[in-house]
Structure formats: C-alpha cells, structure tokens
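To start, the structure under review is shown below, and the notes come after it.
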Amino acid sequence: MSQTADSIVAQQSWLAALVEWSVSLMDHIGPVGVGIAIAFENIFPPIPSEAILPAAGFAAHQGAFGIVPAILWATAGSLVGALALYLIGMFVGVTRLRWLFDKIPLLRADDIDKTVVWFERHGSAAVFFGRFLPIFRSLISIPAGVVRMPIWRFLLYTGLGSLIWNTVFIVIGWFLGSAWHVVEGYMDVVQNVVIVVVVALIVWFVVARVLRIRRERAV
C-alpha cells in the first residue's frame, strides 16, 4: 500500500473511531451524549457533525431516546462549544492580533481593523450562516469573540443556526435509519468544495498582497 493510501486509511480510521466514540456516548448516557459529542465537534472541527447527528437520529428512530431531546441537547452542545471558542477569541483580542499581524510577512495590522469593521456590520449574518458551513461552523466563533460581539447576540444567532443544522441532520438520520452513513459521502463533497474555495482565496490574497507590496516599493 502506498504512503498516500496509508494516510487515507489512517484518516478514515481516525474519523471512524471518533464517530464510534460519539455513538457509544449516546448508547451510555442518552441524548446528553449527543450534546457532549457536538460540543467537542464545535471545538475540534475534524470531528464530523455530519456523521454524529444522523447517528443520533438513527438512535432516536430505534427508540433509544426521543428526537426532540436529541435536537435540544445537540443545540446545547453547539452553544457550549461555540462559546468556548468565543471566549478564546475574546481573550486574544484585537490588540494582540494587531501586534501579531505586524510580525507576520504579508499581513498588516490594518487587516485586523478592516476585519473588525466588516464584522461589526455583518457579524450577525456571518455567525448565523457560518453554522451551515463545514470548518467555518467552528471557526466563526473566534472572530466574534475577538471583536467582542454582544454575547447575547452571538448566542442567539449561533443557537438559531445550530438548531436548524442539528434538526435537519437528526431528522435525516431518523428517516434513513440504518442507512444514515450515506450522509457522510455527500457532506465530504461539500467539505472538499469549501476547502478548495478557502485555498483559492488564500492564494488570491497572497498574490494580491505581493503585487501590492511590489507596487509600493516601486513608487
């Protein structure tokens, strides 16, 4: 087996182990386990909520617990995990980030200032819609904390977005029954698309910044 194939198998085994751990939590402590698993998923994005939530729906379909408690506990877990990242962002703060950006090549302190202005205008929508995007679902909480978005507003839009996301996937798992695994395949495609878009934006930013620096030095 090639090194690439080995790494793919290892990644799949690792993710499978995480999902199995999440399912075992549900088996032992019921819907509370759903909340704990989703809280960890928010803090550690590699844990796939797209697998955990349908599994919770399947467990509800089997009668292990009710579908409403599963949704409520999943949403509570989302809030706990998001709040942890929000507090990290709040601790870091704008001042530390401006200092850090001044030390990193191609980055500037005014990049943070522009981000703060943008987030103050569009933060509520960013937090809400960010809950529907892989990776961003977790990371969006950090800039919200950095700019000190009012915590009631952060929790409100995080809760609403999470409630919709969790409900959709738990209900899908409930209807699919033992075939809930099929959801993972579709969400892997979505996640890969998001990653490609993010990488493309990073490349665009680096190229644009290098060209800007060259123009400034030429003046």
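Computation of the quantities below employed the complete heavy-atom set of this structure, encompassing side-chain atoms and omitting hydrogens, waters and symmetry-equivalent molecules. Positions are given from 1, in the same order as the sequence printed here.
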Considering only distance and modelled atom types, tabulate donor-acceptor pairs under 3.5 Å from the side chains of residues 31-40, sequence neighbours left out.
none

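Two residues are said to be in side-chain contact when any heavy atoms from C-beta on lie closer than 4.5 Å; Arg131 and Ser78 meet this criterion. Residues Leu53 and Phe58 form no side-chain contact, since every pair of their non-hydrogen atoms from C-beta on lies 4.5 Å or further apart. In this structure, Arg137 and Glu41 have side chains that are in contact, with non-hydrogen atoms separated by less than 4.5 Å. Between Ser141 and Phe154 the shortest side-chain heavy-atom distance falls below 4.5 Å.
Judged as a side chain to side chain contact (heavy atoms under 4.5 Å, CB included), and not counting sequence neighbours, the contacts of Ala59 are Ala64, Phe65. For Ala126, the side chain to side chain contact (heavy atoms under 4.5 Å, CB included) criterion is met by Trp118, Phe119, Ile140, not counting sequence neighbours. Residues passing the side chain to side chain contact (heavy atoms under 4.5 Å, CB included) test with Leu72 are Val68, sequence neighbours excluded. Legend: residues meeting side-chain hydrogen bond (donor to acceptor under 3.5 Å, both in side chains) with Thr75, ordered by chain and number and at least two apart, are Asn166. Partners of Leu79 under the side chain to side chain contact (heavy atoms under 4.5 Å, CB included) rule, at least two apart in sequence or in another chain, are Leu155, Thr158.
Under the 3.5 Å distance criterion, the side-chain polar atoms of Tyr86 are matched with a main-chain donor or acceptor of Met149.
Phe132 and Trp165 have tilted rings, their planes meeting at an angle from 30° to 60° on a 0 to 90° scale.
Minimum interatomic distance between Ile43 and Ala84 (heavy atoms only, all atoms of both residues): CD1-CB, 4.1 Å. Taking both residues in full, the closest heavy atoms of Ala82 and Asn42 are given as N-CB, 4.0 Å, listed atom of the first, atom of the second, then distance.
Annotation: Tyr157, atom OH; neighbour count of heavy atoms from other residues, nucleotides and ligands within 6.0 Å does not exceed 12.
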